[in-house]
Student: 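Structure below; questions to follow.
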Amino acid sequence: MKSIHWLGGVCMAAALSGCASTGEDSNPQDPWEGFNRGVYQFNDTLDRYALKPIAQGYDTVTPDPVQDGVGNFFSNLGEIRTVFNSVLQWQWGNAGVASGRFLVNTVLGVGGVLDPATRMGLNENTEDFGQTLGVWGVGSGPYLVLPILGPSTVRDTSGLPVDAYTYPVTYVEDDKWRYGLTFLRFVDLRAGLLEQEKLIQGDRYSFIRDAYLQRRQFEVTNGAAGEDPFASGGFGDDFEYSEDDFAE
């Protein structure tokens, strides 16, 4: 549950692929599959008996406009990280858009609860330090499932400390507020994925792994065509996608 956002990418890739992996499938980027499956089972159990029921309750009692506002608020905070990584990637256009989104939504969107920036044509394009390392030429390394955080790679995991230090909630001094905001963020994101997770088919571990790797490759290259290192991992040669498919 890498800030739970990974599941959204998984489900998007699932919808695009229209196919499922089986337990017999293997991926050359997953040499630690035995270890990863053990951590996956831990995360899945934690989600099934703790986070998912809480998210279901939240989804039931919280009106959609309120959920939209909560999601907008946390997405707006993430624009700071996007600006930082866009500059490191020399993507000045996206850095400008992210800066504009943060200013517009913070001022006109009541602290980011509303999203007038999107209506003004400033569309969100998130960037993180794992993507920055990829743009700099750092290989993804083996696939890795992290406790609590979920799917990752060695490269993406090494970028997590930088991502944390570029996220404003990290600097909230009051522990109760910091933990409370983090918990609310997880619950809101998880609630938004209750329907999407139904798209996952077959062996869940393989499906999530292959979809995650495919989407991260897309994000690092910004949709540029290239050799697909995951073709033998469950999606096959006929899997196609375009940049518009991943637009929010």
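Residues take their numbers from the sequence shown, with the count starting at 1.
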Student: One pair to check against side-chain contact (heavy atoms from CB on, under 4.5 Å): L213 and Y143. What are the steps and the verdict?
Tutor: CA-CA 8 Å; L213 292 173; Y143 177 68; 3.9 Å; yes
Student: Kindly say whether A164 contributes a backbone atom to a donor-acceptor pair with the side chain of T170 at under 3.5 angstrom?
Tutor: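 Between the backbone of A164 and the side chain of T170 there is a qualifying donor-acceptor contact (under 3.5 Å).
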Student: Examine distances only and state if a side-chain atom of N43 and a backbone atom of L146 form a donor-acceptor pair shorter than 3.5 Å.
Tutor: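 Looks like yes, one N/O pair under 3.5 Å.
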Student: Looking only at non-hydrogen atoms, find the nearest pair between L122 and G100 and report the distance.
Tutor: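 Minimum heavy-atom separation between L122 and G100: CD1-C, 4.0 Å.
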Student: How long is the straight-line distance from CG of N125 back to CD of Q91, given to the nearest 0.5 Å?
Tutor: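 Separation between the atoms: 7.0 Å.
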Student: As a quick check of understanding, evaluate side-chain contact (heavy atoms from CB on, under 4.5 Å) for E127 and V135, giving each step before the final call.
Tutor: CA-CA 11 Å; E127 299 287 342; V135 171; 5.8 Å; no
Student: Between L144 and V138, is there shared hydrophobic-cluster membership here, with clusters defined by ILVMFWY side-chain heavy atoms closer than 4.5 Å?
Tutor: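 In one cluster with L144: V138, no.
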Student: Kindly write out the residues that satisfy side chain to side chain donor-acceptor pair (under 3.5 Å) with T132, not counting sequence neighbours, or none if the list is empty.
Tutor: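 With sequence neighbours excluded, T132 shows a side chain to side chain donor-acceptor pair (under 3.5 Å) to N85, Q89, given in chain and number order.
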Student: Assess whether side-chain contact (heavy atoms from CB on, under 4.5 Å) is satisfied between E124 and N105, documenting all intermediate values.
Tutor: CA-CA 12 Å; E124 183 180 23; N105 286 342; over 6 Å; no
Student: Applying salt bridge (Lys or Arg N to Asp or Glu O under 4.0 Å), name anything that partners R119, two or more places apart in sequence or on another chain.
Tutor: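 Salt bridge (Lys or Arg N to Asp or Glu O under 4.0 Å) check on R119 returns nothing, list empty.
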Student: When you compare the side chain of F42 with that of I148, does any pair of heavy atoms fall below 4.5 Å?
Tutor: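 I148 reaches F42 side chain to side chain.
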Student: Any chance you could pull the hydrophobic cluster mates of Y171, using side-chain heavy atoms under 4.5 angstrom and chaining through other members?
Tutor: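 Same cluster as Y171: Y165.
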Student: If the condition is salt bridge (Lys or Arg N to Asp or Glu O under 4.0 Å), which residues does D174 pass it with, not counting sequence neighbours?
Tutor: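 For D174, no residue satisfies salt bridge (Lys or Arg N to Asp or Glu O under 4.0 Å) once neighbours in sequence are set aside.
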Student: Scan for salt bridge (Lys or Arg N to Asp or Glu O under 4.0 Å) pairs involving residues 49-71, sequence neighbours excluded, and state none if there are none.
Tutor: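 Residue pairs passing salt bridge (Lys or Arg N to Asp or Glu O under 4.0 Å), neighbours aside: K52-E197.
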Student: Report whether Y212 and F35 are members of the same hydrophobic cluster (ILVMFWY, side-chain heavy atoms less than 4.5 Å apart, transitive linking).
Tutor: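 Cluster IDs for Y212 and F35 match.
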Student: On a heavy-atom basis, which atom in R204 and which in I200 lie closest, and how many Å separate them?
Tutor: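 Result for this residue pair: CG-CG2, 4.0 Å.
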Student: Which value, rounded to the nearest 0.5 Å, describes the distance between L189 atom CG and L184 atom CG?
Tutor: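 Nearest 0.5 Å value for the CG-CG distance: 9.0 Å.
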Student: Answer yes or no for R209 and Y40: cation-pi contact, defined as NZ/CZ to six-membered ring centre under 6.0 Å and angle to ring axis within 45°.
Tutor: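 Ring-cation test returns no.
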Student: My understanding is that only residues two or more places apart in sequence, or in another chain, count here; which of them pass side chain to side chain contact (heavy atoms under 4.5 Å, CB included) with F183?
Tutor: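 Result, side chain to side chain contact (heavy atoms under 4.5 Å, CB included) vs F183: I54, V187.
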Student: Working to the nearest 0.5 Å, report the span between OH of Y167 and OG1 of T182.
Tutor: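 Here the rounded value is 7.5 Å.
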Student: Mind listing the closest non-hydrogen atom pair of G111 and N76 along with its distance?
Tutor: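 Smallest interatomic distance, heavy atoms only, reads O-ND2, 4.0 Å.
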Student: Applying the 4.5 Å side-chain criterion to the ILVMFWY set and letting contacts propagate, would V154 and I208 be lumped into a single cluster?
Tutor: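 In one cluster with V154: I208, yes.
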Student: Between V107 and M120, is there a shared hydrophobic cluster once you connect ILVMFWY residues whose side-chain heavy atoms come closer than 4.5 Å?
Tutor: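 Same cluster: V107 reaches M120 through Ile, Leu, Val, Met, Phe, Trp or Tyr contacts under 4.5 Å.
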Student: What pair of heavy atoms forms the shortest contact from A95 to V87, and how long is it?
Tutor: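 The pair with the smallest heavy-atom distance is CB-CG2, 4.0 Å.
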Student: When rounded to the nearest 0.5 angstrom, what is the spacing between CZ in R155 and CG in L160?
Tutor: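 With rounding to 0.5 Å, CZ (R155) is 12.0 Å from CG (L160).
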Student: For T62, does its backbone N or O pair with a side-chain atom of Q67 as donor and acceptor, under 3.5 Å?
Tutor: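 Indeed, once roles are kept as given, a pair shorter than 3.5 Å links the two residues.
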Student: Does a side-chain N-to-carboxylate-O contact under 4.0 Å join D128 and R216?
Tutor: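 Yes, this pair counts.
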Student: Sort and list the pairs that fulfil ring-ring contact (aromatic ring centres under 6.0 Å, His included) and have at least one residue in residues 67-118, not counting sequence neighbours.
Tutor: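 Sorted result for residues 67-118: W90-W92.
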Student: Does the pair R37 and D203 meet the rule for a salt bridge (Lys or Arg N to Asp or Glu O under 4.0 Å), with working shown?
Tutor: CA-CA 11 Å; R37 280 187 179 271; D203 176 48; 2.9 Å; yes
Student: Sequence neighbours excluded, which residues qualify as side chain to side chain donor-acceptor pair (under 3.5 Å) partners of D44?
Tutor: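 So D44 forms a side chain to side chain donor-acceptor pair (under 3.5 Å) with R48.
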Student: Measuring from T166:OG1 to I80:CD1, what's the distance to the nearest 0.5 Å?
Tutor: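 So the gap between those two atoms works out to 8.5 Å.
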Student: Restricting to salt bridge (Lys or Arg N to Asp or Glu O under 4.0 Å), what partner residues turn up for E173, sequence neighbours left out?
Tutor: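 Expected list: none.
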Student: For the residue pair A98 and V83, what are the closest heavy atoms and their distance?
Tutor: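 Smallest heavy-atom distance, with atoms named: CB-CG2, 3.5 Å.
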Student: Y205 and N36: side-chain contact (heavy atoms from CB on, under 4.5 Å), yes or no, with the steps?
Tutor: CA-CA 9 Å; Y205 170 84; N36 285 333; 3.1 Å; yes
Student: Which atom names give the shortest non-hydrogen contact between L181 and V169, and what distance separates them?
Tutor: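 Closest approach of L181 to V169, heavy atoms only: CB-CG1, 4.2 Å.
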Student: Got a sec, which pairs hit salt bridge (Lys or Arg N to Asp or Glu O under 4.0 Å) with one end in residues 99-109, sequence neighbours left out?
Tutor: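 Found E79-R101, R101-D115.
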Student: First locate atom OG1 of T106, then atom CG of L114, and finally report the distance between them rounded to the nearest 0.5 Å.
Tutor: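 Between T106 OG1 and L114 CG, I get 11.5 Å after rounding to 0.5 Å.
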Student: With sequence neighbours excluded, what pairs up with S86 under the side chain to side chain donor-acceptor pair (under 3.5 Å) test?
Tutor: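 Only N94 meet the side chain to side chain donor-acceptor pair (under 3.5 Å) criterion with S86.
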Student: Side-chain heavy atoms nearer than 4.5 Å, only ILVMFWY residues, links allowed to pass through others: does that put V113 and V70 together?
Tutor: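 Result: no, two separate clusters.
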Student: Pairs in or reaching into residues 105-134: which pass ring-ring contact (aromatic ring centres under 6.0 Å, His included), with residues at least two apart or in two chains?
Tutor: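 Qualifying pairs, neighbours excluded: F129-W136.
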